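The next block holds one structure in the form of structure tokens; read it before the comments.
In this chain, residues are counted from 1 in sequence order. Keep in mind the model is a prediction, meaning the values are calculated, not measured. Just the heavy atoms: all of them, side chains too, but no hydrogens, waters or symmetry mates, feed the values below.
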Amino acid sequence: MARFTSDSPNINRNGAPTQQRQVETWYKEHPGGSVSRCAKELGVSRPTARKWMPEELRQKRLKAAAEQLQAKQPPSKLKRILNIIKE
């Protein structure tokens with residue numbers, strides 16, 4: 001079993017930060033772009049494109065998805081009863 005030392009040339013120390021910078025730059029240039037499109041255009045995997053998505057963009061997308069789910073759900077029985085009582 002091979003063991004790497006800290007100065008081993010086989011360790012790619014520049015891979016992740018370079019991909020991180022590429023993905024973050026791509027999302028700044030394409031704020032409405034999808035993870036799949038980012039991965040395809042940069043030649044990285046979808047998990048990498050998802051991992052390095054800027055946090056504020058990720059939070060905004062999660063909030064929008066949660067609002068869409070709330071809008072799709074029918075009102076609960078309690079809300080329907082309260083609406084009937086109000087009328």
Side-chain angles (χ1 to χ4, degrees):
M1 180 192 294
R3 299 204 185 266
F4 294 110
T5 59
S6 60
D7 58 345
S8 174
N10 297 325
I11 297 175
N12 181 7
R13 299 197 185 281
N14 298 325
T18 303
Q19 288 181 344
Q20 177 182 2
R21 203 172 357 206
Q22 287 177 336
V23 171
E24 288 175 349
T25 303
W26 189 91
Y27 276 114
K28 286 179 185 173
E29 293 172 359
H30 306 88
S34 68
V35 173
S36 296
R37 186 169 159 218
C38 173
K40 186 181 282 188
E41 288 184 12
L42 295 179
V44 297
S45 66
R46 288 178 59 220
T48 300
R50 221 178 295 118
K51 177 181 181 180
W52 297 120
M53 178 188 294
E55 189 61 33
E56 62 274 0
L57 182 59
R58 177 180 293 146
Q59 292 301 323
K60 186 172 26 170
R61 287 184 179 194
L62 286 173
K63 185 178 177 183
E67 289 172 357
Q68 285 178 344
L69 284 176
Q70 285 291 341
K72 286 182 180 180
Q73 290 182 350
S76 67
K77 285 185 178 181
L78 182 60
K79 286 184 181 179
R80 283 188 272 163
I81 292 171
L82 289 174
N83 286 337
I84 291 171
I85 293 172
K86 286 179 184 178
E87 294 174 354

*asked:* For the CG atom of Leu82 and the CZ atom of Arg80, what is their distance to the nearest 0.5 Å?
replied: 11.5 Å

*Quick one: OG1 on Thr25 to CD on Glu29, what's the gap to the nearest 0.5 Å?*
6.5 Å

*Among all residues two or more places apart in sequence or in another chain, which pass the side-chain hydrogen bond (donor to acceptor under 3.5 Å, both in side chains) test with Glu55?*
Arg58, Gln59

*side-chain hydrogen bond (donor to acceptor under 3.5 Å, both in side chains) partners of Glu41, counting only residues at least two apart*: Trp26, Arg37

_Looking at every non-hydrogen atom in both residues, tell me the closest pair between Trp52 and Glu24 and how far apart they are._
O-CG, 3.4 Å

_How close do Leu57 and Pro31 get, counting heavy atoms only, and between which atoms?_
CD1-O, 3.7 Å

_Under 4.5 Å side-chain heavy-atom separation, chaining through any Ile, Leu, Val, Met, Phe, Trp or Tyr, what else clusters with Ile81? Say none if it is isolated._
Ile85

Would you be so kind as to tabulate the donor-acceptor pairs closer than 3.5 Å made by side chains of residues 44-51, with sequence neighbours excluded?
{"unit_1": "Ser45", "atom_1": "OG", "unit_2": "Thr48", "atom_2": "N", "d": "3.3"}
{"unit_1": "Ser45", "atom_1": "OG", "unit_2": "Thr48", "atom_2": "OG1", "d": "2.8"}
{"unit_1": "Arg46", "atom_1": "NE", "unit_2": "Ser36", "atom_2": "OG", "d": "3.3"}

